[in-house]
Each structure stands twice: as C-alpha cells, then as structure tokens.
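Below you'll find the structure, written out as structure tokens, and then a few comments.
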Amino acid sequence: MSSKFYVTTPIYYVNGEPHIGHVYTTAVGDVLARYHRLKGDDTFFLTGTDEHATKVVDSAAENGVSPQEWADRNAKAFQDTFTRLGMSHDDFIRTTQDRHKDKVQDYFKQLLDCGDVYLGEYEGWYDAGQEEYIPENKAKEFGYKSPVNDQPLVRKAEKNYFFKLSAYGDSLLQLLGSGEVFDVRPTARKNEVVARIREGLNDVPISRTGSGDWGIKVPGDDEHTIYVWIDALINYLSTVDTPERRYYWPADVHLIGKEILWFHAVIWPAMLLALNKLPGNEWMKLPRLLYTHSQWISEGKKMSKTLGNFIDLAQIDHYVEVFGLDALRYFLTTNGPLGTTDSDFAEAKFIEVYNTDLANTLGNCFSRVSNMTGRYFDGRLPKPGPEPQTGIDQEHDRTAEHAVRDYHRAMQGLELSKAADAAMGLVRAVDGYIEATQPFQLAKQDGKLPEVGTVLYNCAEALRVASLLLWPFLPEKIEALWRRTGCGHYADALADRGKGELDQWLTWGQCKPGTEIMKGDPLFPRFQPAKV
RNA sequence: GGGAGUGUAGCUCAGUGGUUAGAGCAGGCCACUCAUAAUGGCUCGGUCGCGGGUUCGAAUCCUGCCACUCCCA
C-alpha cells in the first residue's frame, strides 16, 4: 500500500559553510526519502537555507557585497554540497525567495487576524551577535557580555508583536500526551518538552525592530520585521502551500537537532494550531513526528575549530574521495546520533565499519558469488535445481523474509542502524549458507553441478533482496551492482527520484536463470590503513 | 540553584528483580579456500561508575556520592 511521505531537514543557517552536522541530517532525510520512494510512496523531501539573520548583513558588509549576494553565495555552497553528495531532495527552499516571503506575510496576517497576536513591549539584555535576548540572571552570570563573542550585552527595549503562546500550553500537553496527532521522539526529548511546558508558557515576541531592510516585514507595519525564527519555521509549510503540493502536508517527519527542539516542539505547533483555527486553513494540521537527533563529536571530543577536529567540508570531501560517497552515507546514517547520545566521528571507527560491513561482508559476498558463477557457469546465472546433499533445506527464503520484516519495522521507527543491519544480516546469512553447502567442493564432484547451481541461485536471490534493502543507504554502489546482475531496471525506475515497487521486487525467485553476472572490480575495495 | 538523562567486556551498545550478564566489532586460536588475507568455528575478555539500603534474590527498585551530557532559571 503506497501513501504520501513528506520529510524535512531544518533549513540551514546560511552564514557558514556546510559541515558534518548539515550533511548528517540531510543524509538521514535522504535515506528515509529513498526508502519511501523505493516502497512506491509519493515522497517529498525538503531541505533549504535560513537566510534572514542580521548577521548575514554584517558578514556581507565585511565582504563588500550585498546581503543578498552573500546569501546567494552561501546558499549555493549548500546546494552544491548536497548535489555533490547525491542528496535526493525534491526542493531546496531559500527564505529569501519570493514564494516563501509572500507566504510568510500571508500567514502572519492571518495570525494577526486570529486574535492570538498582539503588540506589546519587550525589554531585556540583548546579544546583538546572536540576535537573542538573554534572561536577567543569565546576563549577570555572563558579566553582561555575550557568552559567544564576548561583546557587551545591550539593554534593549522594543515594541514587538507577541504570539499568545501561553494560550496553547494545555492543547500541546494534550497532544504530546496522546502522541497520536503530533509526536516528539525520542521519548526523552518529549519528556523535556512536556516538563518545560508544565512550568508555564510565556507569550513570545515574533517580530523585531531595527533590522533594516533585511528580513520580511510585518504586513502593514514596516517598522517591524518578522522574527527570523518564525520566518524560518514557516518554510516547512510555505514550500508545499501550492495547489499541487498541499496534499503532502502535514509533514510526516521533521528531522531536527536537539539544539532547536523548543522552537519545533512548542512554538511551531502552537503557530499551526493558531492558523488552523481560521476558515480555509483546516488543512494546516500539525506535523506527525518531530524527530530529534543528537550531535556528532569528533575523535572523542566536542568539535571545535581551535582543537582542529572539526569535520568540515574539506574533511567530508576527503572521506568521499578515499572511501566513496556511499561509504560516508553508510557510516553517518548507521553510526550517527539518532538517539539521545552523541556519536563519535573517528577515523578508526570509520575504517572499521567500512571494512567490516562494506568490504568484507557486502563486497566480498558479491565477489565470491559472482566469481563462482563465472567459474562454474560461464558467468550465467544457473537454474535452481535439486538441493545439495549437504544442504540446509529451504531456510534461505525464510531468512530473507525475516530480514525484510525486521528492515521495515526498523525503518518505520527511524532506526536506520537496525534497518541496515537487517539487510547486512541477510548478506551474512549468504556467507553462512555457502559455508554450509560448500558449492566450491560440490563443483569438483561428478554430477553435482546442478546442486551448485541451486546454491548459487539462492545466493544471488538473497543478495538481490539485500541489495534492494540497502539501496537507500548505498544508492551508487547498489545501482552498480544491479547493472552487473541484470537488475538495471531497478536503477532505471528509481532514477531521478522515481518510485519503486519494493513489495513486488522483493518476491523470491525473480532472478532469471541465464542472466549474465559480471563480477567486475570490487564494489568496496578493502581499505589498507597505510593510505590515509 | 532546580530538573532530566547517561554511566554494563578495549570500542559501540542490548539487557528493568530470578539459574553461571549478552551481541557486534577489535584481540587470540583453529578450519577452509569460491572470495577483496575474505569467510566459518572456537576462544579470551566484565568487582554491570562508587558506597549504603530494600529483598530469599538486584545490572535491574530506593538512597547518597562521583563523572559526563542536556534542559530550565
């Protein structure tokens, strides 16, 4: 049964270069998007850039260009990076695009109309660099200086438009409690949010003054600029608010990092609840799931520029160059911080995962099966015939069924590591099957060739099933494998964000005897540590 | 200052009251040879952060402390 699937990443702050954190979240989104396309779901995968921060104005000035030019330049860096890394997003939203700005103004006007926005006054210690107010006691603790750049905090008072967040506490608690309409995971994150909502919600300012011309104006009040966070959150909705795309809403998964939990788990759904009250906005439901991942550390330590352990674009490119794109994707998505604890990006760990899973297990298994097919059957897939005497009955297809079942269950629960492991387990089972049946021994005995054929056919089938399951993680290499094994039509169907028919493709016995099996170069050459 | 979480084999983690605590990887040994020195089997390895307590019995519950992470003020 196919359905729609809408997954988003946060839109990335455009004032810096892409780094491992951006690539990670996007890679997770990409694996999910590919999985759903493979299943045949009508999938929409969105990423983009958040561009209206006032820091963009400063950086632009420092670099002698206009803010828009600066934003263009940096947004392009993100776009190029994601393209180069094979991300399959369906759209890339930039908050400076008219299609977004118009919608933001539109929604803001509706919020004004709905009665939950009012003009109030806010005064407090302001960190100009971070564009945020610092609570009194915290400001004192910091010595009235920015904890980030050490610049003095300034006393700032401004008239702002406020959103009546306070009115939504009960609704949010109720929604989070049932977890059916709107859920936050992992549960630990949900608990944090619930605890904090219980402490009481304050209304929040949703506009700023003095932002100059950068940003989106409050409709009908040019003095005020819509707070960049509000502007940014709206991207998830604005992008799909077109007649053709509305049916993707609500988002099925918003992927976020733990540092932006509050805005996504409280302010964003409350805004949607407010908008939803207006006639014509009934379609503006809450996102189904907010999935919060943790962060990458590097070589056991928090990443920092000064420590020199920052996994930046150059590092990422280095890994791609040495190990290949799929290896990076695989490592990130199966060893990443999807849970509540941070994950360590360590070179030794990367090499270990690469060699163990990709070279020794997947690559080698394909290699031995294709090699025997070449040696004993002239490179043509043999017909399955009698079971070998030493055989292990009909286990192979049941093993595949179990792997598929575990894989789906894991994918539905966003447990990417478990999903990949289910597929790898099937490959390992092929190794075990070869060990148990010893086709290379049978081949030396008179009249046993048909039994060898059965074994190799079963191996090829199991590998075909595993390859389908692994495609979301390893699209490049799996497609290469398909091209060598007469399964190129899978790659053709899935090209350019096309849909698959996973259920049908997974049925046992689709490898056609006689198909040419090309061994080719190793898919994942074993890595010799000396090279790095 | 308040709150939450984590702490189990070298590494990553599973295990929420009940026999001698598990998996994968790494290490060691053996076997095999179709394969990318790969694969298969066996094995080594843990005072379950530390101290109290509850219980016939605790990694598992309670409590104090320590370390790390996060949230709030």
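Quick note on labels: first sequence line is chain A, next is B, and so on, each numbered from 1.
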(message) When the C1' atoms of B:U16 and B:U43 are compared, how many Å lie between them, rounded to an integer?
(response) 31 Å
(request) Return the value, rounded to whole Å, for the distance between atom OH of A:Tyr376 and atom C1' of B:U33. (result) 9 Å
(request) Could you pull out all residues at least two apart from A:Glu415 that satisfy salt bridge (Lys or Arg N to Asp or Glu O under 4.0 Å)? (result) A:Lys418
(request) Examine B:C72: is either OP1 or OP2 under 4.0 Å from a nitrogen or oxygen in the side chain of A:Arg196? Give yes or no. (result) yes
(message) Rounding to an integer number of angstrom, what distance separates B:A23 and B:A14 when you compare their P atoms?
(response) 16 Å
(message) List the residues meeting ring-ring contact (aromatic ring centres under 6.0 Å, His included) with A:Tyr35, not counting sequence neighbours, and say none if there are none.
(response) A:Tyr407, A:His408
(message) Counting the atoms with a prime plus P, OP1 and OP2 as sugar-phosphate, which does A:Pro525 contact under 4.0 Å by heavy atoms, base, sugar-phosphate, or nothing?
(response) base
(request) Could you measure between the two P atoms, the one in B:G15 and the one in B:A9, and give it in whole Å? (result) 15 Å
(message) Tell me which nucleotide, if any, is Watson-Crick or G-U wobble paired with B:U47 when both distances must be under 3.5 Å.
(response) none
(message) Without decimals, in angstroms, what is the distance between A:Asp357 CG and B:A26 C1'?
(response) 14 Å
(request) Using the P atom as the reference point in each nucleotide, state the distance between B:U19 and B:C25 in Å, no decimals. (result) 27 Å
(request) Look through every strand shown and name the nucleotide pairing with B:A31 as Watson-Crick or G-U wobble, where both distances are under 3.5 Å. (result) B:U39
(message) What's the closest nucleotide to the side chain of A:Lys258 if the choices are B:A26, B:C70, B:U36?
(response) B:C70
(message) I want to confirm an ordering. Mapping A:Glu352 and A:Asn335 to their closest nucleotides on RNA chain B, which one lands closer to the 5' end?
(response) A:Asn335
(message) For A:Ile256 versus A:Pro10, what's the shortest heavy-atom pair and its separation?
(response) CA-CG, 4.0 Å
(request) For A:Trp296 and B:U69, give me the distance from atom CH2 to atom P, rounded to whole Å. (result) 18 Å
(message) Give me the distance, rounded to whole Å, that separates B:U12 from B:G7 when you measure between the P atoms they each carry.
(response) 12 Å
(message) Test of understanding: with salt bridge (Lys or Arg N to Asp or Glu O under 4.0 Å), list the residues that count as partners of A:Lys512, not counting sequence neighbours.
(response) none
(message) For B:U33 and A:Gln441 - does any side-chain N or O of the residue sit under 4.0 Å from the phosphate oxygens OP1/OP2?
(response) yes
(request) Please identify each residue that fulfils salt bridge (Lys or Arg N to Asp or Glu O under 4.0 Å) with A:Asp252, with sequence neighbours left out. (result) A:Lys4, A:Arg288
(message) Tell me whether A:Asp116 contacts the main-chain N or O of A:Ala274 through its side chain, where contact means a donor paired with an acceptor under 3.5 Å.
(response) no
(request) Check the distance between B:A67's P and A:Asp342's CG and give it to me in whole angstrom. (result) 19 Å
(message) Measure CD/A:Gln295 against P/B:C71 and give the value in whole Å, please.
(response) 9 Å
(message) Can you tell me which nucleotide in B:C34, B:A26, B:U36 comes closest to the side chain of A:Thr356?
(response) B:A26
(request) Could you check which nucleotide pairs with B:G22 in any of the strands shown, counting Watson-Crick or G-U wobble with both distances under 3.5 Å? (result) B:C13
(message) Without decimals, in angstroms, what is the distance between A:Ile297 CD1 and B:U12 C1'?
(response) 12 Å
(request) Quick one: label A:Lys190 by what it contacts on the DNA or RNA (base, sugar-phosphate, nothing), any heavy atom closer than 4.0 Å. (result) nothing
(request) Using salt bridge (Lys or Arg N to Asp or Glu O under 4.0 Å) as the criterion, list what pairs up with A:Arg189, not counting sequence neighbours. (result) A:Glu192
(request) When you get a sec, tell me which of B:U36, B:U33, B:U39 is the closest nucleotide to the side chain of A:Asn360? (result) B:U39
(message) Taking the C1' atom in each of B:C13 and B:A59, what is the distance between them to the nearest angstrom?
(response) 15 Å
(request) Determine whether A:Tyr354 and A:Tyr330 make a side-chain contact, defined as any pair of heavy atoms from C-beta on separated by less than 4.5 Å. (result) no
Would you tabulate the pairs of protein nitrogen or oxygen atoms and nucleotide nitrogen or oxygen atoms of nucleotides 2-6 of chain B closer than 3.5 angstrom?
none

(request) Between B:U39, B:C72, B:C34, spot the one nearest the side chain of A:Arg375, thanks. (result) B:C34
(request) Find the distance A:Leu416:CG to B:U12:C1' and express it as a whole number of Å. (result) 16 Å
(message) Can you identify which nucleotide, out of B:U36, B:U39, B:C34, has its nearest atom closest to the A:Asp431 side chain?
(response) B:U39
(request) May I ask you to check whether A:Phe345 and A:Tyr319 place their ring centers less than 6.0 Å from one another? (result) yes
(message) Rounding to an integer number of angstrom, what distance separates B:A58 and B:C48 when you compare their P atoms?
(response) 12 Å
(request) On RNA chain B, check which nucleotide each of A:Phe524 and A:Arg189 is closest to and give me the residue with the more 5' one. (result) A:Phe524
(request) May I have the step-by-step check of side chain to side chain contact (heavy atoms under 4.5 Å, CB included) for A:Trp268 and A:Tyr236, ending in yes or no? (result) CA-CA 10 Å; A:Trp268 176 229; A:Tyr236 303 126; 3.9 Å; yes
(message) Rounding to an integer number of angstrom, what distance separates B:U47 and B:U8 when you compare their P atoms?
(response) 12 Å
(message) Is the phosphate of B:C34 approached by A:Lys519 (side-chain N or O, under 4.0 Å from OP1 or OP2)?
(response) no
(request) Measure from CD1 on A:Ile351 to P on B:U36 and round the result to the nearest Å. (result) 21 Å
(message) Counting the atoms with a prime plus P, OP1 and OP2 as sugar-phosphate, which does A:Leu261 contact under 4.0 Å by heavy atoms, base, sugar-phosphate, or nothing?
(response) nothing
